[in-house]
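To keep things clear, I will list the structure first and then write my remarks on it.
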Amino acid sequence: MTTLLNETLKESIYMPTPARITAVKTFTPTEKFFKIALPSGFSLAHRPGQFVEVSVFGVGEAPISICSAPSRSNGTFEMCVRAVGKLTDALHRLAAGSTIAIRGPFGRGFPIERFRGKDIIFVAGGLGLAPLRSLIDEVINDRGKFGRIHLLYGTRTPQDILFAEDLVAWANAPRTEVHITVDRPDEAWKGNVGVITKLFPKLRFHARNTVAIIVGPPVMYKFVLMELLGKGIADGNIWLSFERQMKCAVGKCGHCQLHHIYTCQDGPAFSYAQVKHLEEAFS
Amino acid sequence: MSAKTLPRIAFFEFTSCEGCQLTVVDTLQDHPELLNAVEIVQFREAMSERGDNYQIAFIEGSCTRPSDEAKLKEIRAKAQIVVALGACAHLGGVNAIRNRMALPEVREYVYGEKAAWFETYPARPIEAVIKVDASLPGCPIDRNEFAMAVTHLLQGRLPNLPDYPLCIECKLLENVCMYQRGKTCLGPITRAGCAAICPSYGDGCEGCRGLIPKPNWAAMKAVLREHGMTDAEIDSRLTMFLTYQTMQLEAKAAEG
Amino acid sequence: MSLRIMPKSLLKTWIKHLQSRHFKVVGPTERFGQYVFEEIHSADELVMDYPTSVLPPKKYLLPPRERLFTFNAKTMEMQPDIQAVPTVILGVHTCDMHAVAMLDKVNNTGYADQHYKARREATYLVSVECLTPCMEGSFCKSMGTLTVPENYDLHFTDLGSDYAVEVGSEKGAALLEGCSAFWEPSEADYARVDAVIGAKWQHFPYRLECDVTELPDLLALSQKSPLWDELGERCLACGMCTKVCPTCYCFDVTDEIDLNLEHGERIRQWDSCQIEKFAVVAGGHNFRSSRALRQRHRFMRKGKYQYEAFGLMGCVGCGRCAASCLVHITPVDTFNALHRLRQAAQNGSAAENTASNQEVQA
Amino acid sequence: MNREISVNVHHLTRVEGHGNIVVDVRNGELKTCELQIVETPRFFEAMLRGRAYLESSHITSRICGICAVGHATASLRATEKALGVTPSPQTVALRKLNFHGEILDSHVLHVYMLVAPDFLGVGSVIPLARTAPNVVLRALRMKKLAGDLCKVISGRHTHPISMTVGGFTSFPKMGDLEELHQRLIAVRSDVDATVELYRTLPLPQFERDTEFVALHKPDEYCFIDGVIKSSDGYEYPIEAYRDITNETIVPHSSAKHTRHKRESYMVGALARFNVNYAQLHPRAKQAAALLGIQPKISKPYYNSAAQVVEIVHCVEDAIQLVEQLLTQGVRYEPPAAPTRFSGEGVGAADVPRGTLFHNYVIEDGKVVGANCIIPTGQNLANIEADMRALVPTLLARTQAEITHALEMLVRAYDPCISCSTHLLDVRFEG
Ligand SMILES: Cc1cc2nc3c(=O)[nH]c(=O)nc-3n(C[C@H](O)[C@H](O)[C@H](O)COP(=O)(O)OP(=O)(O)OC[C@H]3O[C@@H](n4cnc5c(N)ncnc54)[C@H](O)[C@@H]3O)c2cc1C
Ligand code: SF4
Ligand code: SF4
Ligand code: SF4
């Protein structure tokens, strides 16, 4: 019998379950990759785009995206964490074998079934590739069910590129293109330079049968959206993931409230149609 | 745990009343385990041993004379982490009241014709002299906050202390607002973390913990004026602990 | 629902009776000319005809600071802290009863909050009919909160020498058990209650210049109003308005741990959307970077967002925020100002057209 | 004996503030013998000028973290006398109780944490936490009670909050007073153990006749108000404080020195004991008998013993005061209002380290002149006189022993150097 992790919330929705870090990999000076094992008998059963709340006791808790594909997660999952504050710094101090605690999975993920048979444009900025990775992997694992795939990925410098091995693997997948651009190249960089929207001219797609999924820093959305809408992709076919402060992930603490929406429960993945009229969505 | 693995900490004091270090001693009443959690290598107020091999330096007091600077720099060079302890170190504290006065005259008022014997210059927070990694605000510091800061340091991170306004904390305790008791209070622009101790004991906040990140200075003054304070009284209130910070703000404003 | 009559002189007896049955009895008491809900030790401390309280009775359902669970960081053992002391809250105003309905809604939507629920179930709400306006800033009549909603256990109406006690639930009936202070009403008593309640309305002014049902639309059209900048200029960002509000429930969660880094607890504490860091995310981006945007968010929640999310208004018109705010920012003035700006725009009045044009263009 | 001594103790430890001791012996002859106060000057008197009278006590409590209640009390009394404010009997009782909290806090700190290590052969109380945990826990327990007492009355000990001109801004709850009462009764066994401990410590017998000065009242062991009384028989009203203090400035000290008729006088626990023995609580007198002291005792190292006696007295008197408040009940009282807004006043309080004076001139509610005379400043000349008498008796000892004896002497005075402006450093120059 396996227990779904979120069933443990029956006693208290705030109390996590212990989990173990089984591997740590340093991607960049600020980003690390973690493999996490749930206690035996537990499964996460997440959807791409969902997240967990990660605790280091005595430090606190933070929402972190699950970056591994559901089909590859069997009592384990992966995450990529940028050290920016209390909890994320504390995670970076932990080595394989350490115990943390997990709640979740939370939120609504991407509606992958609605992407079937369509061409897909993934647009990732920086750490935005982490939540997208679970979706990309899921799509690639089931490659035959989807149309052409484009991944546009932008980072600040070549050193900031995350998931390098995955990028190679994806690029080698059938009918899949990966385009990477950096803001500031170094001498060794031979690829694209400049903001991510510069990559769009490289793409050929049928707007009517294309879905786009964007995850990146707040500033990126506006320009990428303009580009995609300009190319005729419908509001309802553009998906994004929102980041907000989240102290509970269960629609209580009020931090992630965006108009009448609780990002943690109603999101973090939204279609542009759902949020385009919300004043604060892209502020 | 062997004594060797404990973080080594040292206490130093410059111009101050030593009340913050006394509060550190008082912390032991509620947290005797502190002595097992750290190794204190220097604490002149409480011990004779003097170790120079410290990782964390807690510094109380303001820098008020040129000759303090070398010692501060020496501490900075030896310590991995420097923590300013209390309002004097964090803000210049009450010592900085005199910064708005003519210093030679101040000196003469206290020491008469012998004034020249006493070296001094405007009081400054230690951050004005050396890099400070964290500050524990308050006059004096709050002992629970000190214990909390130490746990954060033991966890390998810098202390994470509130910087929202005192009113938040005050209302959590359901104090009747000082303004509704016919008094005035700097709570709206002052950092919380003291358990709103002054309003809780019937006295308006004096700002000893320093300003919140973006204080609405003009609105605060308007409120004080509306509650019957003259501009001179407002200035005096805002300079009890905030002289250095307000003079910095004024200087910034003057620059444009 | 049934009605009972209790002579005021027997209130004391009843409170003693409740205490002897191990209920914690809380109610409004005086503190420096204001009123706070506090545990009642003797009925003398209780002030049933208080204007308003500093904090709403919400504090018993969602405490300002609460331990969610304890943990051992070394063994990873955890223990939820769900505490529910049977508590009778006396003298809850009808606006605050509406606010409790709101809190119930939030805490039962999606994942139900067990901590809240346990306390809510152990809480007995004894509300009281408001007969005169309590404060200048309150506008319950406008917000439709001057009558008690269905969620009361007992509801008191002051009849002069007696209280009329309406029993609203089985929990309420249980509070009367074994106490002889409550009498069967006579026909005349029903008439007395109706007369008192009927007479009260004229004492309360409508203070909103529009109807409460218009608020969500009014606010929707006011996202870009210049009024927010004006409020942002004045606001101290002190957060008091949100602390004293009966319908605000936002909180922060933090860990505390002992110096051995072993035993600790996770704490939740009321937070405020008015403070600088409330909407900052990794990388430092602040979704509500100015006081103006934070004030807008506050009033949008009060008059629009909460209604859309939960079907209940996020403001119950209690007036606490208005009384607390040192710079006199109030919901009534804010809503009325927005309403006037709208009207001016619609009437095309030359003088005020400029303001509303800006509003549309900005 | 042709001895050359050069001892340099820079920044004396386990005292409040920074000081050096400079002793220079050449050819067996004492050349220099100074207690140098190298603390930075603080300028409180100047900083008070121009400020609202209500702010004085809050600013001056920041002169010293250890006797903050004492400074606040003296400051309030000065302001009240200047503005014609008469505090109510309840205010007087609450202030006394608060003051006892501070005396206890400070004396426990001194006798356990600063002085006792000298006799137990350790550098601080920290190693004692392992070797004699009961003693340390007892000290912490007593100190916590003292601190909690101040907390109940005035919010906290270091920089009290609710003490204000004419009264208090908050009042203890009956429940808090009841709890204090129980804890004060319970602490008696710790107090007895403290007396026992000090019976066993070999306090040096060095003796030198001097004048002792303390505040005095005929009907109580005086800490607040009263008159200035000297063991030489002089008596002055508080307003005439300058007749006894005669402040002078000396180059080696940022604190001013004082002298009365003799070259120096002593204030503090030993002075109070000598001047006010008759007013001590009977249990305190018993403790004195157990410790083998009675007035007039002229052994400066015994200042610590006198502090132990005062610990007994303050606990007993605090019990009585709490009982009195519990029977009478504590009423919410708005502070007594000033009857005028201009005037001059002198406030005096016998704080842990001795007699403290604050003298303010107020005009239209603003302080225009201020003078604060601090106990340690008054003791400095006496400490130096002791050192001059002590050093010749020590010439046979090693330099380390001499240094230690001098450090202990200075420490016995419990100097509060940040008060006197701050700093003490024993330097024996060669
Ligand atoms: C749904 C969701 C998914 C996420 N997925 C991931 C993920 O996969 N990987 C990942 O690394 N992160 C992810 N995040 C972001 C992550 O949750 C935050 O970085 C984390 O909460 C930060 O917590 P902390 O305790 O480390 O930082 P805190 O110490 O709580 O600081 C919080 C943030 O506030 C900012 N901040 C702090 N102080 C200030 C100040 N004075 N001024 C301005 N800004 C300040 C900092 O930039 C900091 O990032 C996700 C967030 C959400 C909502
Ligand atoms: S008393 Fe001061 S801190 Fe408290 S709410 Fe009022 S203004 Fe804010
Ligand atoms: S109470 Fe007033 S000043 Fe304070 S945050 Fe609210 S609106 Fe702003
Ligand atoms: S917004 Fe103000 S008036 Fe409305 S419920 Fe909250 S505190 Fe009361």
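All chains are named by letter (A, B, ...) in the order of the sequence lines, taking the proteins before the strands, and each is independently numbered beginning at 1. In what follows, every heavy atom counts, from backbone to side chain, and hydrogens, waters and symmetry copies are set aside.
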Exercise. Answer yes or no: is there a donor N or O on one side and an acceptor on the other, between the side chain of D:Arg51 and the main chain of B:Ser236, under 3.5 Å?
Key: yes
Quiz item: Is the backbone N or O of B:Gly202 less than 3.5 Å from a side-chain atom of D:Ser170, with the two atoms forming a donor-acceptor pair by type?
Solution: no
Quiz item: side chain to side chain contact (heavy atoms under 4.5 Å, CB included) with D:His159: which of B:Cys198, B:Cys208, B:Pro140?
Solution: B:Pro140
Quiz item: With sequence neighbours left out, what residues match B:Glu33 under salt bridge (Lys or Arg N to Asp or Glu O under 4.0 Å)?
Solution: none
Can you find a pair of side-chain heavy atoms, one from [X] and one from [Y], that are under 4.5 Å apart?
X	Y	value
D:Lys151	B:Tyr201	yes
B:Asp203	D:His58	yes
D:Arg62	B:Cys139	yes
D:Arg156	B:Thr23	no

Quiz prompt | Shortest non-hydrogen separation from D:Ile63 to B:Cys17 and the atoms involved | solution = O-CB, 3.5 Å
Quiz item: From D:Met47 CE over to B:Met240 CE, what is the distance, rounded to the nearest 0.5 angstrom?
Solution: 10.5 Å
Quiz prompt | Atom pair OG1 (D:Thr158) and CD (B:Glu18), whose distance is rounded to the nearest 0.5 Å | solution = 11.5 Å
Quiz item: Given a strict heavy-atom distance threshold of 4.5 Å, which part of B:Arg181 is in contact with chain D: side chain, backbone, both, or neither?
Solution: side chain
Quiz item: Does any heavy atom of chain D fall under 4.5 Å from the side chain of B:Ser62, the backbone, both, or neither of them?
Solution: neither
Quiz item: More than 12 foreign heavy atoms under 6.0 Å from NZ of D:Lys173: is that the case here?
Solution: no
Quiz item: So does D:Glu363 have more than 12 non-hydrogen atoms from other groups sitting under 6.0 Å from CD?
Solution: no
Exercise. Could you please state which residues from residues 131-146 of chain D sit under 4.5 angstrom from chain B, measuring non-hydrogen atom to non-hydrogen atom, sorted by number, or 'none'?
Key: D:Leu140, D:Lys143, D:Lys144
Quiz item: At a heavy-atom separation under 4.5 Å, does D:Ser61 approach chain B through its side chain, its backbone, both, or neither?
Solution: neither
Quiz item: Under a 4.5 Å heavy-atom cutoff, which of B:Arg237, B:Gln29, B:Glu233 has the most pairs with chain D?
Solution: B:Gln29
Quiz item: Do you know which of B:Ile197, B:Asp30, B:Leu35 has the most heavy-atom pairs with chain D at a distance under 4.5 angstrom?
Solution: B:Ile197
